[in-house]
Amino acid sequence: MSLEKQDLAAPAPSDFIRDIVAGHVAEKKYPQIHTRFPPEPNGYLHIGHAKSICLNFGIAHEFGGVCNLRMDDTNPAKEDIEYVESIQADVNWLIGGWAEKELGLTPAKAPFYASDYFDQIYEFAVALIKKGKAFVCDLTPDQTDEYRRAGKASPFRDRSVEENLDLFTRMKAGEFPDGSRVLRAKIIVDAPNIWLRDPLLYRIKRADHHQTGDKWCIYPMYDFAHCLSDYLEGITHSICTLEFEVHRPLYDWILENLDLPKTLPHQYEFARLSLGYTVMSKRKLMQLVEEKLVTGWDDPRMPTISGIRRRGVTPEALRNFAYNIGITKYNGITDVSVLEHAIREDLNKRSLRRLAVLRPLKIVITNVPAGHVEELDAVNNPEDETAGKRKIPFSRELFIERDDFQEVPPPKFFRLKPGGEVRLKYAYIIKCDEVVKDASGHITELRCTADLDSKTGGATSARKVKGTIHWVSAAHAVDAEVRLYDRLFTVPEPDADGDFRQHLNPHSLEVLTAKLEPSLKDATAATRYQFERLAYFALDKDSGNNLIFNRTITLKDTWAKEAHKAS
RNA sequence: UGCCCGAUGGUGUAACGGUAGCACAGCAGACUCUGAAUCUGUUUGUCAUGGUUCAAAUCCAUGUCGGGCAACCA
């Protein structure tokens, strides 16, 4: 299915923000809808950001608008160019083939940066001072905190415009040490909303900035820079998460007190994503990386966009997930199964089926002569006829999955057992005649006979056998490293109590050497594979001459559930 | 504590004063050369109490519970 068709087929998402936007479009309130996605480059983007990206770009896409990617880089102490680059790559990947046209670009065809506006933001601060609406305050951080809690005016609140102007100019010139003075808005000292109690606008902070170098030693605070950046870019709908709801009066106050000629943007808030069995805060993800609890930001177990991508999930799957969860103001925890379903649904449609054995058990088909090799037809994707067929080699010695044989089978086990029959996918029905063990009782080999007329299309091929299993020809098999990933945490809410690290899943990664059908030698990074009856896999970026596959997600396994119930 | 926000099955959402629907999960079955996919059926819900109304998940009031903010972070 083409992406375009997929978009058309998907019901247009509807939520309270889109309802508002649709209303504005209907009344022609703005010439064009303009949103933005404004991450701070102080970490990698995660699936919660994906929700926001899909919302902001989705709205632009659906209402003929534009969405800017803007680095909210007002705190150089915590930011880094590495993050700028990863954010750009992740956004491009997520919107690729979907909302690329809606991506707003600066004249340099780069993302936007709040730091692009530092000169203008500075002038806005000067304008506020001149109007008597901002003042330089010499209180220490602790004192400031104390005064604000008490709803008491700063003793510096009534400095003259001239003095404020002089002090602010000198702050900029670097005449004062870090943290010694700040610029504050003059609003209401005892407002019920803390963010209106003369909030900070600028602080002195000597830090090398990844975009502006050492040009500045004062940096605007989020509240001051954000609304003005939105305004300067012509943003109409500034969409953020719930924790900024209480900041909205300040957002509006700044814009309304600057006598701005253009239409003002408006802020709307929605609930951030919480996912079961996952931690989402950048701080905790950073901790996992720094303490080497994972291999990096793009470890396939991480909920980061880069980790999810490396795991083999497609942007379409992630977008469908984002659509499916909806947008509200309710802080709930989305079940991981919703994500897993979106991934499986996507991969089922697109992945090439292949035969691969993860934990090999050798079997010998005694009535097939040694040296005999035949090529069998195998369907590449039953969900997509255009994917065609391939040949797979069959011979006397094969590998099957150890799990597919049980010497003492539980009830309803319809795979291979002593004296039992099973179909080898695309090949013959075989019967297990003998179980060969070593001195310690470990099964080393199975000796079987094939019903030589039962090959697909053959005389007895219609014979009903309850089970069908996958296999690979031992002589033709290709070895590959497979990385079996599982959820990173063992509990639905890892950060609900105490230290989230104590809930780390010790089995979140298992590495095996698997036996693959030979066609997988030519596997490509862009292709998604389903190892039949097992899971979906994608080539890892570490893969070179030696193949490395990441397990994206398992197939649903009703039998495992059944077996679990029995035990 | 103050201010702000929220509450619909197990989970996430829809219903915009007029039949509580969808998805995921679960359960049961059909089909199956993937115990997958697909198909069929199905269990489970409007936080509470009042009020307005012919009619309330929806509007109002009060309460309960949950979340957020009170960084020279964003």
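Here is the naming used below: chain letters follow the sequence lines, and residue numbers restart at 1 for every chain. None of the values given here were measured: they were computed from a predicted structure.
Of the C1' atoms belonging to B/rG51 and B/rU13, the separation is 29 Å, rounded to the nearest Å. When the P atom is used for both B/rG68 and B/rC27, the distance is 33 Å, rounded to whole Å. Between B/rA61 and B/rC22, the two P atoms lie 33 Å apart (nearest whole Å). Taking atom C1' on both B/rA37 and B/rC73, the two are 48 Å apart, rounded to the nearest angstrom. Nucleotides B/rC5 and B/rC24 have their P atoms positioned 34 Å apart, rounded to a whole Å. Taking atom P in both B/rA48 and B/rU38, the straight-line distance is 36 Å, to the nearest Å. Using C1' as the reference atom, B/rU52 and B/rU62 are 15 Å apart when rounded to the nearest Å.
Rounded to a whole Å, the CE atom of A/Met286 is 15 Å from the P atom of B/rA74. Atom C1' of nucleotide B/rA23 and atom CG of A/Leu339 are separated by 14 Å, given to the nearest angstrom. Per the geometry, OH belonging to A/Tyr426 stands 16 Å off P belonging to B/rA36, to the nearest Å. Straight-line distance from the CZ atom of A/Phe414 to the P atom of B/rC33: 12 Å, rounded to whole Å. Atom CG in A/Asp73 sits roughly 14 Å away from atom C1' in B/rC73 (whole-Å rounding). Atom CG of A/Asn381 and atom P of B/rA36 are 17 Å apart (whole Å).
A/Arg159 forms no cation-pi arrangement with A/Phe135, by the criterion of a distance under 6.0 Å to the ring centre and an angle within 45° of the ring axis.
When heavy atoms are screened at a 4.0 angstrom cut-off, A/Thr74 is found touching the sugar-phosphate backbone but no base atom. At the heavy-atom level, A/Lys556 lies under 4.0 Å from the strands shown only through sugar-phosphate atoms. Nucleic acid contact for A/Arg248: none, since no nucleic acid atom lies under 4.0 Å from a heavy atom of the residue. Note on A/Glu532: a base of the nucleic acid sits closer than 4.0 angstrom, heavy atoms only. If you check every strand for non-hydrogen atoms under 4.0 Å, A/Ile553 touches nothing. Residue-level contact check: A/Tyr219 touches neither bases nor backbone, having no heavy atom under 4.0 Å from any strand. Using a 4.0 Å heavy-atom distance criterion, A/Pro38 is classed as making no nucleic acid contact. A/His226 comes within 4.0 angstrom of no nucleic acid atom, judged by non-hydrogen atoms across all strands. A/Tyr202 comes within contact range of no nucleotide atom at all, as no heavy-atom separation falls under 4.0 Å. Residue contacts shown for A/Ile333 are limited to sugar-phosphate atoms, with no base heavy atom under 4.0 Å away. At the heavy-atom level, A/Gln530 lies under 4.0 Å from base atoms of the strands shown. Across all strands shown, A/Asn331 has heavy atoms under 4.0 Å from sugar-phosphate atoms exclusively, and none from any base. Within 4.0 Å of A/Ile325, counting heavy atoms only, lie sugar-phosphate atoms of the nucleic acid but no base atom. Counting non-hydrogen atoms under 4.0 angstrom, A/Phe413 reaches a base of the nucleic acid.
Paired with A/Asp198 under the rule salt bridge (Lys or Arg N to Asp or Glu O under 4.0 Å), one option of A/Arg157, A/Lys152, A/Arg148 passes, and it is A/Arg157.
Checked against the 6.0 Å centroid criterion, the rings of A/Phe224 and A/Phe124 do not qualify as a close aromatic pair. The six-membered or imidazole ring of A/Tyr277 lies away from that of A/Phe489, with a centre-to-centre distance of 6.0 Å or more. Between A/Phe394 and A/Tyr428, the ring centre distance stays below 6.0 Å. Taking the six-membered ring for Trp, A/Phe16 and A/Tyr268 have ring centres at least 6.0 Å apart.
Ring geometry, A/His46 versus A/His49: the interplanar angle falls from 30° to 60°, so the pair is classed tilted. Ring planes of A/Phe549 and A/Tyr529: perpendicular class, angle over 60° (limits at 30 and 60°). Using cut-offs of 30° and 60° for the angle between ring planes, the A/Tyr219 and A/His209 rings count as parallel. The aromatic rings of A/Trp559 and A/Phe414 are tilted relative to each other, their planes meeting at an angle between 30° and 60°.
Look at A/Thr328 and you'll find a side-chain N or O under 4.0 angstrom from OP1 or OP2 of B/rU13. Taking 4.0 angstrom as the limit, A/Arg203 places a side-chain polar atom (N or O) nearer than this to OP1 or OP2 of B/rA74. Between A/Lys464 and B/rC33, a side-chain N or O to OP1/OP2 separation shorter than 4.0 Å is present. When the side-chain nitrogen and oxygen atoms of A/Lys466 are compared with OP1 and OP2 of B/rC33, none of them lie within a distance under 4.0 Å. A/Lys329 has no side-chain polar atom (N or O) that falls below the 4.0 Å cut-off from OP1 or OP2 of B/rC4. Between A/His470 and B/rU34, a side-chain N or O to OP1/OP2 separation shorter than 4.0 Å is absent. Dashed line: the shortest gap from a side-chain N or O of A/Thr558 to OP1 or OP2 of B/rA36 is under 4.0 Å. Of the side-chain N and O atoms in A/Arg344, none sit less than 4.0 angstrom from OP1 or OP2 of B/rA37.
With centroids closer than 5.5 Å and planes inclined by less than 30 degrees as the test, A/Tyr330 and the base of B/rG6 fail to qualify as a stacked pair.
In this structure the side chain of A/Tyr122 reaches within 4.5 angstrom of the side chain of A/Phe168, judged on heavy atoms. Looking only at side-chain heavy atoms (C-beta outward), A/Arg354 and A/Leu352 come within less than 4.5 Å of each other.
Paired regions of RNA chain B, where each region holds three or more successive Watson-Crick or G-U pairs whose two hydrogen-bonding distances fall under 3.5 Å, are B:1-7 with B:64-70, B:10-13 with B:21-24, B:26-30 with B:38-42, B:47-51 with B:59-63.
Between the side chains of A/Arg463 and A/Ser454, no donor-acceptor pair is found at a separation under 3.5 Å. Between the side chains of A/Glu233 and A/Asn68, at least one donor N or O lies within less than 3.5 Å of an accepting N or O.
When the nucleotides B/rG35, B/rC73, B/rC69 are ranked by their closest atom to the side chain of A/Lys205, B/rC73 comes out on top. Distances from the side chain of A/Trp559 to the nucleotides B/rC72, B/rG35, B/rA74 place B/rG35 closest. The side chain of A/His341 lies closest to B/rA25 when the candidates are B/rU34, B/rC73, B/rA25. When distances are taken from the side chain of A/Lys561 to each of B/rU34, B/rC33, B/rG26, the shortest belongs to B/rG26.
Taking the nucleotide of RNA chain B with the nearest heavy atom to each of A/Gly326 and A/Gly458, the more 5' of the two is matched to A/Gly326. With the nearest nucleotide of RNA chain B identified for both A/Ile327 and A/Gly467, A/Ile327 has the one nearer the 5' end.
Taking a cutoff of 4.0 Å between a charged side-chain nitrogen and a carboxylate oxygen, A/Arg248 and A/Asp252 do not qualify as a salt bridge. A salt bridge is defined here as a Lys NZ or Arg NE, NH1 or NH2 lying under 4.0 Å from an Asp or Glu carboxylate O, and A/Arg197 with A/Asp190 fails to meet this definition.
Taking a 4.0 Å limit (strictly below) on heavy-atom distances, residues 177-198 of chain A reaches RNA chain B at A/Gly179, A/Val182, A/Pro192, A/Ile194, A/Trp195. Looking at residues 270-283 of chain A, you'll see that no heavy atom sits under 4.0 Å from any atom of RNA chain B.
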